[in-house]
Amino acid sequence: MPTRHLEKTYDPKAVETRWSQEWIERGYFRASPEKPGRPYCIVLPPPNITGFLHVGHALNHSLQDILIRWRRMQGRNVLWMPGTDHAGIATQNVVERQLLEEGTSREALGREKFVERVWQWKATSGDTIVRQQKRLGESCDWDRQRFTMDEGLSKAVLEVFVRLYQDGLIYRGERLINWCPRCLTALSDIEVEHEESKGKLYSIIYPLADDPSVHLTVATTRPETLFGDTAVAVHPEDPRYNRLIGQRVRLPLTDRTIPIVSDAILVDREFGTGVVKITPAHDFNDYEAGVRHALPRFAVLNHQALLDPAGLEKAQAEPAVRDLVGGLPVAKARPKIEGLLRERGALVAVEDHKMALGRCYRCKTVVEPYLSPQWFVDIKPLAKPAIEAVENGSIRIIPEGWVNNYLGWMRDIKDWCISRQIWWGHQIPAWYCLSCNHAHIVTKDGRTTILPGASPIVAKSAPPYCPACGGRQLLRDPDVLDTWFSSGLWPFSTLGWPEQTPELKTYYPTSTLVTSFDILFFWVARMIMFGLKFMGDVPFKDVYIHALVRDAEGQKMSKSKGNVIDPLHVMEQFGTGALRFTLASMASPGRDIKLAEERIEGYRNFANKIWNAARFAHLYLDGPSECRPVSERSFADRWILSRLNDTILQVTNELEAYRFDRAANRLYQFFWHEYCDWYLEMIKPVLQNPDHGDAPSTRYTLQETLEIWFRLLHPFMPFISEEIWQTLPHEGETIVLQPYPSGVPSRHDPEAEERFQVLEEAIRLLRTARALLQYPPAKEVSFFVAQDATKPSQVLALLEPHLSHLGRGRVSIAPTADWPQTNVLRMVSSGLTVGVTVEGDVDLKKALERLIKQAGETDKEIQRLEGKLKNAEFVAKAPPDVIADHQHRLKTLSRDRALLTSSEQQLRAMLEK
RNA sequence: GGGCGGAUAGCUCAGUUGGGAGAGCGCUGCCCUUACAAGGCAGAGGUCACAGGUUCGAUCCCUGUUCCGCCUACCA
């Protein structure tokens with residue numbers, strides 16, 4: 001038998017680093033389409049290469065590793081596909097910050113050098129991420145690592161873009177889009193975070209052009225955009241204003257007049273004054289209204305959200321006004337404009353107003369609606385099958401609560417703006433012939449803009465010449481694709497698509513996607529749409545959505561708040577197993593995880609408990625003593641095998657249902673409170689007596705149950721289970737590739753389980769009595785056990801050795817009538833009565849005092865105590881049928897109540913005092 | 001504005017065909033009983049947010065209210 005000296009305290013770090021390396025070197029995680037078994041595949045949500053993994057990743061990855069290890073042990077042909085995401089804007093921002101610290105900038109470097117620089121960063125960050133993942137024990141096939149911008153994936157991106165373009169599902173056009181004035185790029189709708197904030201509502205007078213004595217009052221939250229107004233709208237059926245429709249008003253601070261139009265969609269008669277100003281270039285609603293009424297568009301804010309002097313001039317703002325606010329950012333321009341309007345008596349009211357402010361999800365800058373030419377995906381045709389896939393169950397979302405969320409969003413989906421004006425990403429495969437499009441290409445402030453009228457040539461590679469005119473000077477579209485465009489292809493691009501690889505054939509559709517809800521729309525929805533479009537099948541069958549990890553106060557973790565828990569730090573301090581187990585045990589569906597270090601510490605203790613149990617077992621397994629199975633196992637062995645079998649069944653069921661929390665809790669409960677607290681205690685006398693008849697068989701059971709236990713535990717705590725399993729008799733060279741234990745319902749042993757309940761109840765009653773008498777655990781006592789008359793009494797006789805061992809004393813099994821009538825403290829439960837001999841009056845009084853003290857000292861509390869004692873007596877005398885009928889109630893009332901037989905008066909005296 | 005989730009012990013949370021109120025941590029008392037003090041044993045602690053309803057019986061089902069999160073949205 002292999003032996004290894006196990007130190008007194010478990011040192012996770014040494015064990016974990018050794019095994020994580022060893023497993024990979026021996027190739028246990030390598031996947032192959034050739035391998036036998038039904039395929040089981042998970043693609044890892046690729047972490048962004050923006051730095052380090054946080055504890056949210058640790059949760060996400062731990063759950064996947066649990067599934068993967070479990071399925072691998074079940075004999076499935078497993079592939080866990082790892083990789084990283086280039087994370088366009090986010091990564092560009094990280095590198096830009098670095099450049100800023102170095103006193104340089106993206107612009108100074110130029111596009112080519114900058115992109116090179118990001119690739120360098122990618123190498124560093126990518127390495128860090130992979131190191132962290134390996135430390136966590138993730139059993140990915142590391143040889144297959146992919147990156148959303150590597151060669152193969154770039155090929156897939158080109159293929160998808162070109163095919164969508166050819167199918168008419170990608171188009172280019174000028175639209176009002178969300179624009180981040182700091183990142184200087186377009187954002188998709190979902191990249192804007194909405195935040196409730198306090199603003200002001202300004203009421204401004206717009207006098208009638210023909211009759212200044214009449215005016216309309218418009219309300220706006222953004223007075224600085226009034227220069228861009230091209231109409232005011234009223235409701236067609238509003239009697240206050242409908243006679244004015246078609247007339248014009250004078251736009252304050254400008255030399256323009258604008259028409260009064262009628263618009264029932266835009267205007268709510270009940271709100272404000274019932275008059276709305278229309279600024280088509282700076283508001284999404286107004287943009288639509290502008291289209292309806294064929295209004296001109298004046299953009300008065302530039303790409304940096306500064307009031308644009310040229311735009312103001314075009315909009316005919318008064319020259320003095322232009323000089324005052326031109327070039328100013330919105331925040332500075334607004335009070336100036338407010339002042340001007342006030343001076344002229346055009347400002348009639350300023351009220352506080354709640355409003356939702358949109359911010360860039362990457363840099364939190366306030367996003368502006370901005371008119372610009374962009375690329376879009378016509379998404380409705382792709383969304384339709386993606387809706388159906390979830391409706392008809394081809395894709396299962398767990399927990400179900402997210403289904404409606406998903407469907408709601410998909411049914412109301414808007415075209416997806418996929419172009420970004422940044423440098424880091426997949427450059428759009430579109431070229432423009434300079435001779436055909438020379439009028440449409442404008443370079444200003446170092447930014448090249450390709451106007452909407454230009455005609456692109458879309459192809460997988462640069463065309464050698466213009467097919468229209470034969471021109472050889474072609475300009476590639478400078479924009480790159482939204483980062484989610486490439487990650488949306490992840491489930492099939494990583495398997496080799498567009499090539500028809502064996503991997504694709506074997507592992508697509510993948511089995512399960514494990515992710516958090518915040519990227520349900522960004523990523524999951526896009527993968528489903530792309531998967532159905534290009535593979536003709538769903539990308540995964542189950543989507544398991546887990547919660548967000550927050551700090552102990554429930555705050556979202558963020559670097560700026562300083563409440564980030566670093567998984568590496570935790571792993572160093574408490575061990576990877578403890579971290580993984582903590583995260584699994586807290587992964588209840590539909591609730592965020594508030595992670596506190598104490599919790600992790602608790603599971604560190606669990607790992608140590610496991611370690612010590614193994615050390616204990618080795619004391620008896622390592623010697624030359626006989627160890628063999630027998631047909632007739634002892635009661636204790638039968639009981640623990642039954643409990644283990646139940647645990648296997650339950651853990652497996654919970655994993656099937658993605659209830660990692662319940663699986664983890666069952667494992668914990670089983671090992672600590674059933675295996676260690678009871679089983680190991682029960683078998684000690686057998687193990688310690690080499691001549692005991694049960695010894696060889698019990699040693700066998702000990703060794704057998706431990707070996708199974710570690711296989712059961714392995715997906716949750718991979719390192720400690722491998723380390724100890726190696727010291728036990730086993731087959732195979734690693735636990736990683738051993739079969740997962742399987743339970744059989746028929747192995748449940750009701751006789752042993754029932755017998756155990758009697759034993760447990762008796763021992764608990766006895767211990768309560770001992771505690772009341774303050775008898776130390778080592779003190780030998782004489783005690784009595786009697787069973788309820790309705791129950792077969794031979795059970796107690798069978799349990800006698802366990803009673804005396806666990807009870808630490810001499811046990812007499814006899815009806816209560818045969819017990820000594822004085823100096824015995826009795827404890828009664830529904831089925832058992834246990835009495836402990838009281839040695840001397842002093843102890844007894846003390847016990848009573850304790851009892852009273854525990855109950856409290858007020859009259860009410862003493863009454864309660866009396867009631868308890870009466871109930872205890874009542875139970876002892878209750879006829880069997882009453883007990884049966886009211887079992888639940890009586891159990892509560894009667895459990896663990898003390899009955900004093902020596903003298904009722906003595907009790908009364910104590911109570912009255 | 002719409003939608004979803006939550007409110008159970010001091011803290012973090014389990015608790016689905018409606019009948020026993022539970023776990024971990026923390027707290028109290030006793031114990032270094034030769035696997036483990038990162039431990040053992042025994043305890044204290046809760047009108048299961050509030051108000052109604054259905055039921056023999058509700059933490060669980062229904063209605064309403066309050067508070068807290070989140071998602072989503074064009075009320076100027």
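Please read these numbers as outputs of a predicted model, since none were measured by experiment. The figures that follow rest on heavy atoms only: side chains count, while hydrogens, waters and symmetry mates do not. By convention in this document, chain letters (A, B, ...) are assigned in the order of the sequence lines, proteins followed by strands, and residues within each chain are numbered from 1.
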Practice task
Check every atom of B:A14, B:G39, B:A76 against the side chain of A:Asn605 and return the nucleotide holding the closest atom.
Solution key: B:G39
Exercise for the section: Assign A:Arg767 to base, sugar-phosphate, or nothing according to its heavy-atom contacts below 4.0 angstrom with the strands shown. Expected result: sugar-phosphate
Problem - Inter-nucleotide C1' distance (B:U8, B:A14), Å rounded - result: 10 Å
Completion exercise
Of B:C41, B:G39, B:G24, the nucleotide closest to the side chain of A:Lys609 is B:G39
Exercise for the section: Quick one: label A:Thr9 by what it contacts on the DNA or RNA (base, sugar-phosphate, nothing), any heavy atom closer than 4.0 Å. Expected result: base
Practice task
Name the nucleic acid region contacted by A:Gly807, choosing base, sugar-phosphate or nothing; use a 4.0 angstrom heavy-atom cut-off, strictly under.
Solution key: nothing
Practice task
Give one of base, sugar-phosphate or nothing for A:His282, where a contact means two heavy atoms less than 4.0 Å apart.
Solution key: nothing
Exercise for the section: Quick one: label A:Val218 by what it contacts on the DNA or RNA (base, sugar-phosphate, nothing), any heavy atom closer than 4.0 Å. Expected result: nothing
Fill in the blank from the handout: Regarding the side chain of A:Cys676, the nearest nucleotide among B:U33, B:A35, B:A76 is B:A35
Problem - Watson-Crick/G-U partner (both atom distances under 3.5 Å) of B:G43 - result: B:C27
Exercise for the section: Could you work out the separation of B:C27 and B:C11 based on their P atoms and round it to a whole Å? Expected result: 15 Å
Practice task
Would you indicate what A:Ala356 reaches in the nucleic acid, counting non-hydrogen atoms under 4.0 angstrom: base, sugar-phosphate, or nothing?
Solution key: base
Practice task
Could you label the plane-to-plane angle of the A:Trp672 and A:Tyr668 rings as parallel, tilted or perpendicular, counting under 30° as parallel and over 60° as perpendicular?
Solution key: tilted
Problem - Watson-Crick or G-U wobble mate for B:C61, both contacts under 3.5 Å - result: B:G53
Practice task
Please check the phosphate of B:C31 (OP1 and OP2 only) for any side-chain N or O of A:Arg808 closer than 4.0 Å.
Solution key: no
Problem - Distance between P atoms of B:U59 and B:C50 (Å, rounded) - result: 11 Å
Problem - Whole-Å gap separating P (B:C74) and CZ (A:Arg292) - result: 14 Å
Exercise for the section: May I ask you to verify whether the side chain of A:Arg604 and the base of B:A38 hold a donor-acceptor pair under 3.5 Å? Expected result: yes
Exercise for the section: Check whether any side-chain N or O of A:Arg662 sits under 4.0 Å from OP1 or OP2 of B:A14, and answer yes or no. Expected result: no
Handout entry: Opposite nucleotide pairing with B:A14, Watson-Crick or G-U, both atom distances under 3.5 Å
Key = none
Practice task
For A:Ile397 and B:C4, give me the distance from atom CD1 to atom P, rounded to whole Å.
Solution key: 16 Å
Problem - Shortest side-chain distance from A:Arg659, nucleotide among B:A14, B:A35, B:A42 - result: B:A14
Exercise for the section: Taking atom types as modelled, find out whether A:Tyr206 and A:Asp229 have a side-chain donor-acceptor pair closer than 3.5 angstrom. Expected result: yes
Completion exercise
Per nearest nucleotide of RNA chain B, the residue lying toward the 5' end, A:Thr221 or A:Trp672, is A:Trp672
Handout entry: Whole-Å distance separating the CG atom of A:Leu595 from the C1' atom of B:C13
Key = 13 Å
Problem - Any strand: nucleotide that pairs with B:A9 via Watson-Crick or wobble, under 3.5 Å - result: none
Exercise for the section: Compare side-chain N and O positions of A:Thr768 against OP1 and OP2 of B:G43 and report whether any pair is under 4.0 Å apart. Expected result: yes
Practice task
Tell me what A:Asn608 touches on the nucleic acid: a base, only sugar-phosphate, or nothing, going by heavy atoms under 4.0 Å.
Solution key: base
Exercise for the section: Could you tell me the separation between the CZ atom of A:Arg666 and the C1' atom of B:G15, rounded to a whole number of Å? Expected result: 15 Å
Problem - side-chain N/O A:Lys779 vs B:C30 OP1/OP2, d < 4.0 Å - result: no
Handout entry: Pairwise P distance, B:G6 and B:G52 [rounded to whole Å]
Key = 24 Å
Practice task
Identify which nucleotide among B:U33, B:C41, B:C36 has an atom closest to any side-chain atom of A:Lys8, counting heavy atoms from C-beta outward.
Solution key: B:C36
Exercise for the section: Remember a base hit wins even if backbone is also touched, and classify A:Asp283 as base, sugar-phosphate or nothing at under 4.0 Å, heavy atoms. Expected result: nothing
Problem - Row check, A:Trp678 ring normal vs A:Arg767 NZ/CZ: under 6.0 Å, within 45° - result: yes
Practice task
Kindly say if A:His673 contacts the phosphate of B:A23, meaning a side-chain N or O under 4.0 Å from OP1 or OP2.
Solution key: no
Practice task
Name the nucleic acid region contacted by A:Tyr668, choosing base, sugar-phosphate or nothing; use a 4.0 angstrom heavy-atom cut-off, strictly under.
Solution key: sugar-phosphate
Practice task
Quick one: look up who B:C70 pairs with, Watson-Crick or G-U, both distances under 3.5 Å, and put none if it's unpaired.
Solution key: B:G3
Problem - For atom CD1 of A:Ile593 and atom P of B:C70, their distance in whole Å - result: 17 Å
Handout entry: Parallel, tilted or perpendicular: rings of A:Phe606 and A:Phe671 (30°, 60°)
Key = perpendicular
Problem - Value in whole Å for how far the P atom of B:G39 lies from CZ of A:Phe616 - result: 18 Å
Completion exercise
Between NZ of A:Lys414 and C1' of B:U72 the distance, given in whole Å, is 10 Å
Problem - Same-atom distance (P) from B:U55 to B:G10, integer angstrom - result: 35 Å
Problem - B:A38 and B:G43, which share atom name C1', separated by this distance in whole Å - result: 22 Å
Fill in the blank from the handout: A:Phe517 has its side chain closest, among B:A14, B:C70, B:C36, to B:C70
Fill in the blank from the handout: B:U33 -> Watson-Crick or G-U wobble partner, both distances under 3.5 Å, gives none
Exercise for the section: Rounded to whole angstrom, note down the P distance from B:U54 over to B:U63. Expected result: 15 Å
Exercise for the section: For B:G40, take OP1 and OP2 only and decide whether either is under 4.0 Å from a side-chain N or O of A:Lys684. Expected result: no
Exercise for the section: Verify whether one side chain among A:His353 and A:Thr221 offers a donor that lies under 3.5 Å from an acceptor in the other. Expected result: no
Practice task
Go through the side-chain N and O atoms of A:Tyr361 and A:Glu191 and say whether any donor and acceptor fall under 3.5 Å apart.
Solution key: yes
Exercise for the section: Indicate the ring-plane relationship of A:Phe670 and A:Trp709, choosing parallel, tilted or perpendicular according to the 30° and 60° boundaries. Expected result: tilted
Handout entry: Residue pair A:Lys414 / A:Ser188, side-chain donor-acceptor N/O under 3.5 Å
Key = no
Exercise for the section: Could you check whether A:Leu266 gets within reach of a base, just the sugar-phosphate, or nothing at all, counting any heavy atom under 4.0 Å? Expected result: base
Handout entry: A:Asp661-A:Ser588 side chain donor-acceptor pair, cut-off 3.5 Å
Key = yes
Exercise for the section: For B:G2 versus B:A9, give the span between their C1' atoms, rounded off to a whole number of Å. Expected result: 37 Å
Fill in the blank from the handout: Rounded to whole Å, the CZ-C1' distance (A:Phe671 to B:A35) equals 10 Å
Exercise for the section: Indicate whether any N or O donor in one side chain lies under 3.5 Å from an N or O acceptor in the other, for A:Asn612 and A:Arg615. Expected result: yes
Completion exercise
Comparing A:Asn612 with A:Gly401, nearest RNA chain B nucleotide closer to 5' gives the residue A:Gly401
Practice task
Remember a base hit wins even if backbone is also touched, and classify A:Glu601 as base, sugar-phosphate or nothing at under 4.0 Å, heavy atoms.
Solution key: nothing
Problem - A:Asn665 side chain near B:G24 phosphate (N/O to OP1/OP2, under 4.0 Å) - result: no
